Every structure is written in structure tokens, then in C-alpha cells.
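Here the structure is laid out as C-alpha cells; the discussion comes afterwards.
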Amino acid sequence: MRRRRPLPRSEGPWAWLAAGSVALSLLMLTALLLLIAVRGLAHFWPATVVQIEMQDGRLLAGQAVRELPLEEGHGNERLYFTGNRDLDGEIWHWLPVDAIASVERPPELTVLERRHHGRFIGRLIAVGDAGTIDGNHAQQAVWTRLEARLAALEQLRGERERLRREVLRPLIRRLDANPNDADAQLALVEANARVYDLQLAMRGEVALLESVDGRRLRQPLEEVLRAWRPNAMSLPQKLAAWAGGVWRFLAEGPRDGNTAGGVWPAIFGTVLMVLLMSLLVTPFGVLAAVYLNEVAHQGRWTNLVRIAVRNLAGVPSIVYGVFGLGVFVYGIGSSLDEWFFSDSLPSPTFGTGGLLWASLTLALLTLPVVIVATEEGLARIPVEQREGALALGATRFETLARVVLPMAVPAMLTGVILAVARAAGEVAPLLLVGVAKLAPQVPVDGEFPFLHLERKFMHLGYHIYDTAFHGSDVQAAMPLVFASALLLVLVILVLNLTAIFLRHHFRVRHGVQPRP
Amino acid sequence: MIEPSPVSSSPRRAWRRQRDRLATALIMAGGIGVIGAVLAIGVFLVWEVLPALLGGVLEPSQIRTTLTPMAWGTLKAAFWAMAFAKPLALGAAIHSSLFMSQRLRSRMKPTLEMMEAFPGVVIGFVAGLLLAPWVERHLAGSLALLLVLPLGVLLAAEAWRRLPAAGRRHLPLTWAGLWLMPWLALLTWLTLAFSPGVESLLFGGNLREWLDAELGIDYATRNAMIVGLAMGIAVMPSVYALAEDALSGVPSRLGEGAHALGATRWQTLWRVVLPAAAPGIFAAVMIGAGRAVGETMIVLMASGNTAVMSLSPLEGMRTMAAGIAVELPEAVPGSEAYLLLLLAALLLFLFTFLVNTLAEVVRSRLRRRYRWLGGSP
């Protein structure tokens, strides 16, 4: 007879390793989220600027970025962002920590955000007319004057933009329609003169700047976008500056080869493409699901088709991109060009990647998602509901339109949201069908037909890929890439959570098991 | 299908019937059209590639030289991705389906599935620009983590067994997924803090140079291990979700029977639940592998994208998906390069489609088996 083994006291090592994998997954998720959030949001904080004196007497000013062990020997070296590309030729300095003699934080150190050459870090000596400027003023008075002048310039810039948008562009459009419109011509000349006056008023004043090692620079004020003295700012001021930075990131276009400015055109392009895609995918997806679940004869073939559609959701997105390029761009697009836009050939209109083809490709990519989700919703509706409607004399179409579809709306919504979440993060197919590194024009404007489906557009995900891997200065672009990544992740996260909530809500409300 | 009740003929009724027929026909036509469009993707690829293959435009030798490194890279990337994702996903699925309370599980599942919200570009960017140089600097520490973390979990298990009953009640196994987190974080930190010392003691201060000099192993900054880790994170949530579904779908009376006979939860799992759910878990892994094969952005950003054919996980590779993404926009339509890339796309399509079909068939069989095992009418 076999001896009975004693029962073990606890679950044994494998159960603990299983628990450990949950912990490790959660840890990685948290680490990834924290990394993106911290690195993305910290960029907008007005960081402290330090003045460094090296042991050999060299003076530098900048923001510490990170610290690494030295390649050879002991100790660390620290990376400083020092700006002043026009003075030094470079904006980064690696300094061995041991060679630093002293680090100070003088409150008068000023950071200027400029339209060209990036940031300036140093001291402000004077502000005045280009001809008569000298260096003998009280620090505080000069700073107050600079702030006042920058505010005035900002106002002038706003005024110029307003003039361009509200007066110049409509006038030009009027003249395009009717070149002999004398009134419009007169008004155009007048408006142009006003814009010219504004530009003159912006010009002329310079700031006299001095880097910490004593080199002087005359900076035309019209090139300066913002100025701040991080060491002299209080916490509320810093918070306000941070919020302003976040806002500008969301609302402005990129500058300086994507290393500064914001991502507004990319946000706009992503949203527009996803909107177009959901307009395409919702009706067709619902139609296919209704056909599969309500109209088609439920047999072996329908089941096969159902499995095939389900599987298409697992086909790699790049394959859809290949399909979009081959069929939409080279096939349909080229034919459209030959038929309707033959006068602009050989430069293609629809025969190249663009907004329309990108949305169509992504619609095809997400169609299985919508079909599967809607079908699931339809299958959850009890048969009694349909039977009741039919018994009361409704036709099949009436049952469908008045009873079944309204009940399936949350499921459809879930499907569309999941589709949008998937499409917003999908970049691979866009590499093939129409995304641009830097689109000069947004696909929507005041020109007929207002929505330009053939144009290339900017996309948040592609922006991340391009800036991080093809940019000229990856180190400088990194914080903005993190901010874009955070934005993208947040958008997709919110969409997914909405879908989860809706699905849960729907299941609880009906409390029905799916049809076997 | 339920047929509508026959309606008597008055003009209004007749019109309603007419409208019903029309609407049904429209839905039918539209539905078939949409499904046709979705399925057209395979037809298009075959249509473009098959004539070239049969007509001899593409030479077999040329196909071999171009596609073999890419196919190799694809399989290598997928292999390492699954090597990272499989233990994590299956372990997490087992733990959450077997040990967690219903309430905790309903919170945990969406949280882990949230990892899917990270798009490929973001993971690829973090892996390629941050993780890859970081691992290169901390090579010894990162490799040590692979060993330290499982050992640390076992150490925690042993310590827990020696805890007094009151302590065990405060730190139940049900919640181990959560309270092990700080412990693992601490271990990670300790490993990284002590690894430079160990490295200089054992490998002369630089593991990378030591590998090169002693074993002749080349280390590329962006390599298959980084890609595998990144893609593992991307693939893990879907494998987890599917495996969890398969495990928690096993009729509870099976597990209860085993418990009643005195088995521990782990024995129940190993002898009863796992054999019942094995096809479902197999399907989950297959679907995960299908996703890993087709993932583009992560490979594009985190692998060196060099067509090297080597077994070493510390070297880069180029996959079919990344090759298509990089080269197809520049290829002239109809040229050899274009057709070769289309052939690669066709291969990807066929592979994923077949793998998914297999998984789907297995899953539907499994669902039938559960109904039978569960004894539901």
C-alpha cells in the first residue's frame, strides 16, 4: 500500500511567484506612468538657474539636467543646460562635479525665451533704444521696464494677428473673387499700412544682455517672447508660470525644429483624423453587426465570417497601412488625379498620402472592433424583447429600429470609443498613408471647401516618433516628447476608462448572459 | 431567427411590409459590402503578389536574401517578447483568478488592462531612448534583477511562512500582488545600488567589456532584449486578459471538488483547473505571439533596425513590420522592392490570420467544454 503524503502547510513557491508577477506588472505600470508624467510635466516648471565657478576660473550659468558617472576615473559629471547658442555655439555643457569650485543662485539671473537661437541665460543690463542704450541703471528698474515692454509687444503682436485674421484675409479673398473691386483695394492698402506701422512700433528697442562671464549682447526686443528670473520667483509665481507653460504647449505650434513651442497642430490633426474615422466607422460597423446578428441566416457561413472578422482585429496595423497605400493612394488616388486633377499632374493631389486616406485606412483597421462590440451588445439583448415587438405587430425593420438598436446604443458607443482609443495611438499605418513631419497648413481653413481632405497633417504619435528619432537635438526635444507622450497616453486612458465604465454599466443594467 | 408575424393586407400594412423588405435588403447589401471590404485586405495582397511570384518577376534567390533576415528578426523579436510576457501574464492571470477576492479582481483586471493604453510609439520611445542607454550603463544590475526579483519573492514567501498567525492575517496571500510591490521596489533599488561593487569585484568593473573580451559577446545598445522587454509590456495585457478569462471560466464545481478532497489552491490549479483551461491559455499565448510578430513602432524605435542574423539576445535585428514601415514609402509601385515588401506583408497577414483562427477555434471548443463540464442545461 502506498504511504499517504502529508498535506503541505502552505501554497508552495509557485503561488508566490504568481503573486510576484502581479506585483511586478503593477510596479512596471506605475513606473512607466510616473516616468512619463514627471518628465513630461517637470519641463514647464521654471527651474532654478545656478551660476557655477569652475576651479580654472571659468564662469557658467545654467540649469542642472542630470548626473552620470564619469567614463574614466571616479566621480560624476553633470549636464547643464546653458542656452546662449549665439554666444557659445552649443547649449549643453558636461562638467565634472569635482572641478566645480562654487555654485550660487544669484536672484538677478534672467532667462529669455527668444524666437531665434533658443534661450538666453545671463544678466540684464539695460533696455532702451538701439542708438542711445547704456549700462548704468538700477537692476530693479530695468527689469520692470523689460516686463512692461514685453507686455506691450505681446499686445502689438496680438493686434497684428487680429488685423491679419479679420481684415487682411477677408479682403484678399474678396479681391480673389473680383480683382477690380476698388473699395477692397483701397482698404487693403490701408490695412497693410496699419500692419506695417505696428511692425515699426515693435522694432527699434534692444535689451543689453551680459552672460555671466562678461560677454555682452544686444538683443532686439521683438525677438524676445518671454523673460523670467526663476531664482527671484515665489511659489505662486512659479505655479502660474508652470500653468502658462502647459497652456502654451497645448495651444501653440512647434518652433526651432520641434525643440520648442507646442503641439497644437498635432493635436488638431489627430483629433480631426479620429473624428473623420469615427464618422466612417460607426455607420458601417453597426450595419455589418446588425446584418451578421439580426438579418443573416445563422449558419456555418455566418459563423465563419464572424470568426474572420474577429481575426482581422489581430492583423498587424502595418498590413492595413500597406493596403491603404496600395489601394487608396496608388489605386483610387491616382485614378482620381487622372480624372479630376489632371492639370496639376505630375504633382499628385489625391495620389499621395493625406487626411482622407489616413482616416479611411484607420476606419478599416478599427471596423472589426466596432463590429465585435456591437454584436456583443446585440447578442445580450434578450430574445423576448424582439418576440414581444413582433407579437405586437411590428415588422422586422420596426423591431430593429425602435427596440433592438436603442437598447444596443451603449454597446455601439463602447465599440466606437475603443476604436477611437486604438486609432489615436496607431502610428505604423500612418507612416505609409499621409502623415507629415511639419504641415505648413492645417487641413481646415476659411478657403473653399474648408476641409482639405487631400492635405497631409500632423499627428501626435508620429510627432513623438519623428522628434525623438529624426530631430537635430534629441536632448533638447526630449522634454517636449515626454509631454506629448503624456498627452497621448492620457487621452487614450480616458477613452478606455469611458469604454470600460459604459460596458460595465450596460452589463449591470441588463444583467443578461450572452446567447450561447 | 424569428420571423415577423404575417400581417393582413391593407394599403398601409402593404407599405410597411414593402418598407421592411427594402430596409432588410439594404442592411443585407450594406453588411455584405462592409464585410467584403474588410476581407478585401487579404485579397488585395494575394492579387498583387501572386502574379509576380508565378510570373517569375521575383526570383526565389532574391526572396531568400531579402526576406530571410527579416523573418529571422521577426521571430527573434517575438520570441523574446513572449519570453518576457508569458511568465508575467500567466502568473498574473493565475494569481488573480485563483487567489484574489472577487472585489479585488474586478479592480485589478481593468488596471492591468490599462497597460494597453500605452501606444506602441510611447513604449518604443521610452525603450529606445531611455531604457536602452540606461540598461547599457547598468548592464550588470539589470541582468542581476532577472535573478534577484524571483528569489526575492521566494524569500518573502519563506518569511511569510515563519510569521505568526496574526501577521499572516494582516498580509494575506490574497493581497500579495499589492504588498509585494514595495518589497520588489526596495530589492530593485538595492540591486542597482550594490551592482557596481559586485561588477568591479567579478568582472573588472565593466561587464560589457568583460563579455566582449572573455566570451566574445557583442553588446548592441538597442538589442533584442530591450525589444523583448518593451514588446513584452505591450503584449502582456492582452495575454493576461485572455488567460484570465479562460481560468476564471472553469466551472467552479471542479475546483470546489478538489478543495473538498483536501487539495491546496495550488494543487487544485495544477491538477484540475489548468488542464481544463489549457486550450484557452494556449490560445491566449498564440494571440499574444501574433501581436508581437506584427508590432511595428516598438521594433522600429527600440531595435537597431540592422539586418543581423544572430542568436544572441544582445544584438539588434530588423523585423518584417519595421522593414515595411521604413522602406515601402520610398519603393516605386510595381518594382521588385515594392513586391518583396508586399510579399512580406502577405506573410505577416497569413501568419497572424492563421494563428488567430487557430486560437479562436480552440477558444470556441473550450467554451463548449466548459458548458459540458459545468453541467448547465
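What you see is a predicted model; the values in this text were computed from it and never measured. Letters A, B, ... are given to chains in the order of the sequence lines, protein chains preceding strands, and every chain is numbered from 1.
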Any side-chain heavy-atom pair of [X] and [Y] under 4.5 Å:
X	Y	value
A:V427	B:P119	no
A:M478	B:L130	yes
A:L431	B:L300	yes
A:E398	B:R19	yes
A:V319	B:T352	no
A:V315	B:L348	no
A:V22	B:M100	yes
B:L22	A:F397	no

Heavy-atom distance under 4.5 Å to chain B: side chain of [X], backbone, both or neither?
X	result
A:S484	neither
A:L325	side chain
A:L495	neither
A:L490	neither
A:L365	neither
A:A468	both
A:V327	both
A:F469	side chain
A:Y330	side chain
A:R39	side chain

Reference residue A:F323; test ring pair (Phe, Tyr, Trp, His ring centres under 6.0 Å); the match among B:F349, B:F44, B:W47: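 Going through the options one by one, the only one that passes is B:F44.
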
Contact class of B:A331 relative to chain A, heavy atoms under 4.5 angstrom: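 For B:A331, the contact with chain A is made by the backbone alone.
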
B:P182, part contacting chain A, at a heavy-atom distance under 4.5 Å: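 No part of B:P182 comes within 4.5 Å of chain A.
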
Partner chain A: residue of B:A176, B:A345, B:A157 with the largest heavy-atom pair count (under 4.5 Å):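 Top option by heavy-atom pairs under 4.5 Å: B:A157.
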
Plane angle bin for B:F125 and A:F482 - parallel if under 30°, tilted between 30 and 60°, otherwise perpendicular: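 Plane angle over 60°, so perpendicular.
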
Largest heavy-atom contact set with chain B, pairs under 4.5 Å, which of A:L287, A:V290, A:I307, A:L400: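 That would be A:L287.
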
Option that, when pairs with chain B are counted at under 4.5 Å, heavy atom only, ranks first among A:L26, A:N496, A:L364: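 That would be A:L26.
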
Ring centroid separation A:W14 to B:W270 under 6.0 Å: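 No, the ring of A:W14 stays outside the 6.0 Å limit from the ring of B:W270, centre to centre.
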
Backbone N/O of B:A92 and side chain of A:S21: donor-acceptor pair under 3.5 Å: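 Judged by distance alone, yes, a pair lies under 3.5 Å.
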
Any residue meeting salt bridge (charged side-chain N to carboxylate O under 4.0 Å, His left out) with B:E158, in chain and number order, not counting sequence neighbours: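 Partners of B:E158 by the salt bridge (charged side-chain N to carboxylate O under 4.0 Å, His left out) criterion, ordered by chain and then number, come out as B:R161, B:R162.
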
